[in-house]
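Every chain is numbered from 1 and lettered A, B, ... according to where its sequence line falls, protein lines coming before strand lines. Atoms considered below: every heavy atom in the structure, side chains included; atoms not considered: hydrogens, waters and symmetry mates. Everything numeric in this text was worked out from a predicted model, so none of it was measured.
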Number of protein chains: 2
Amino acid sequence: MKIICSQEQLQLAVNTVLKAVSSRTTMSILQCILLEAGDGLCKLVGNDLELGIESMLDAQILEKGAIAIDAKMFAEIVRKLPNQDVTLSMSNRDENHILTITCGKSEFNIPGQPAEEFVPLPAIVRNQPLRIPQGELKEMIRQTIFSIAIEETRPALTGELLEVKQGNFHLVSIDGYRASFRKLPMSREFEETSCIIPGKTLNEIKNILSNEEDDMVALYFTGKHVVFELNGSVVVSRLLQGEFPKYENIFTSDYSTKIHVNRKELLMGIERAALVARESKKNPIKVSIQDTGMVISSNTELGNAHEEIDIQLEGNPLEIAFNPKYMIDALKVMEDESIVLQFNGSVNPCIIHQEEGDLCKYLILPIRLN
Amino acid sequence: MKIICSQEQLQLAVNTVLKAVSSRTTMSILQCILLEAGDGLCKLVGNDLELGIESMLDAQILEKGAIAIDAKMFAEIVRKLPNQDVTLSMSNRDENHILTITCGKSEFNIPGQPAEEFVPLPAIVRNQPLRIPQGELKEMIRQTIFSIAIEETRPALTGELLEVKQGNFHLVSIDGYRASFRKLPMSREFEETSCIIPGKTLNEIKNILSNEEDDMVALYFTGKHVVFELNGSVVVSRLLQGEFPKYENIFTSDYSTKIHVNRKELLMGIERAALVARESKKNPIKVSIQDTGMVISSNTELGNAHEEIDIQLEGNPLEIAFNPKYMIDALKVMEDESIVLQFNGSVNPCIIHQEEGDLCKYLILPIRLN
């Protein structure tokens, strides 16, 4: 094998596939990335068996071949090379699988492993893709990923429900205490479908997606995998099996109390009140909603906090309590200046949505006070 | 006690004194900062018994008084308050020592401790100060602090020698394997003196010093303490007792091998060669100096690296080996484009200095190869 490419292009490709290399495995082949120079095409591949990423490399191929090389070491070397042409070569007859990296006056010889031992990405039959702007998908993930379940007692909840339904594209996460819903109206028709994507996959995809509205990502669905194609890279992820909770009915539009409030003021007030509640995460903040305004308070052995917030109230006054972190997480990812909170008494969930538009909705269970 | 000040000024003062609050103590009074409103003067004080910082606060004093308040909690609250006027008050008759913080529509009541329990800063008789530009002192610390000793077997080496000698101001650090020397010619005469300042003090001072050449810092010396006065703050530090090694003679000007080299090229080459040496810090890099150039190489079970660097050689060719970290640390903090390395055979130290000027000098012991 012998290829020549620019240090910049190589670094970009390595950093992309690195996101699919496991850092916690003890199997040395899973710590590797595959470097493969084929017929006019050169690619890098990372695969932790749950998530796989393949990235094309714009390279001059002088001799075909392939090798698996320790990902962390290779990435560190590539990052520190000068911004010049890099030559990657390996004697195809050499049974020691030594990769030689030369760039300017630097030369490295790094022992690798035979390419055959690398676990290939699953072969996927690609049907019609769903295309959406990368910036939109990135924003949708950012606005919902925080409420996936951490504990694995119900594996399906450690991922997000992806749904194509009635001309809309949905992402939904539910951790048992709260739910996040984000919608994107689709410009073209696409067959209705749904699947559960692991949270890890979405977190990694988010970091690869560009912010540009014009860059598109193509999604392919099979029963067991989802494929993302973007920027010369292919991301293949296993899907989570199991039942995702029905979420449509939990976002009720009924309310006994409804308030209109400035999002940033509410966020800052809750963040401050949460400071004296920090010692134990079990400490709730209390919310008192009156005609005259909203009072957020917390009272622990660390001290007490009292925050007054201007609101517009429709319906009944209310006393209710929340885990402040859940409120903060939702209020932080919203973009709107003015938002709406709806309540149905002190033991039913609070629903947060936009003042105008219905692209994102959040549900948070209250904490019952004695 | 009752004072009114701006949130911005308060945050600045809190963040400054916070650097002298211990995070590892179990004595709750040492986790506090003192807030004191006196005759027309308001100040905050932090004191971990080794390092103390006092910061003036520009405030309107409505009622005098003092309280010790948990530093971390107070700093977090102040940081999250809106950028408006903050009122800090405490009933002087209240024996519970509750500090009330109000700002806009926020109110906090935080239990504190009696001011009398706070350990005051040592009283220092201030003689003639030594004044130097803050930016210069900051740079001097940055260029020498990395080679203080970490282990406390010889306490004096965990600090830096500060010296006024022959019209120059010196900072010197020695950890047993390497030494760093930085000089500043003084514009005014000052009595010759020397003391050993704890590394922690210098690290904290570095973060308070401004980059502006025009801002001055005043230093006062007593037998047991050093005082830094800057930007409305006073930093008092204990000095380290003990003998600091004589360093003048180790920076010999004799050499059997001398090279002139581009600093960045050498740094990048060593950093790359160090990548395959990383597994164990004991792995040295080998340096081969010949008429034709310099070769840096390392060879471990992770692979091997070979770097060629252009040099100008005076004297004999040489084979020598180093801990790459020591070389990297010194080369990183120097600013010069071209530098000089001097050697006296493969078992004596290497001395690194500027091509032009003698403001900074570094000494590094080699590793003996079998």
Does any heavy atom of chain B fall under 4.5 Å from the side chain of Asn299(A), the backbone, both, or neither of them?
neither

Applying a heavy-atom distance below 4.5 Å, give me the residues of residues 102-113 of chain B that approach chain A, sorted by number.
Lys105(B), Ser106(B), Glu107(B), Phe108(B), Asn109(B), Ile110(B), Pro111(B)

Can you confirm whether Phe343(B) sits close enough to Ile289(B) that some side-chain heavy atom of one is under 4.5 Å from a side-chain heavy atom of the other?
yes

Could you give all pairs that pass the salt bridge (charged side-chain N to carboxylate O under 4.0 Å, His left out) test and reach residues 5-33 of chain B, with sequence neighbours left out?
none

So, applying side chain to side chain contact (heavy atoms under 4.5 Å, CB included) with Pro366(B), which one of Val287(B), Leu318(B), Ile320(B), Asn323(B) is it?
Ile320(B)

For the residue pair Ala68(B) and Phe118(B), what are the closest heavy atoms and their distance?
CB-CD1, 4.3 Å

Tell me, out of Arg272(B), Glu308(B), Met268(B), who's got the most heavy-atom pairs with chain A below 4.5 Å.
Arg272(B)

Looking at Lys258(A), I'd like to know if its NZ atom is crowded, meaning that more than 12 non-hydrogen atoms belonging to other residues, nucleotides or ligands lie closer than 6.0 Å.
yes

With only heavy atoms counted, which part of Leu81(B) is less than 4.5 Å from chain A, the side chain, the backbone, both or neither?
both

Over all atoms of both residues, closest heavy-atom pair of Gln31(B) and Thr25(B)
NE2-O, 3.0 Å

Specify which of Ser297(B), Pro82(B), Gly269(B) makes the most heavy-atom pairs with chain A at under 4.5 Å.
Pro82(B)

Residue Lys2(A) excluded, over 12 heavy atoms near NZ under 6.0 Å
no

Any chance you could measure Leu44(B), atom CG, to Thr16(B), atom OG1, to the nearest 0.5 Å?
9.0 Å

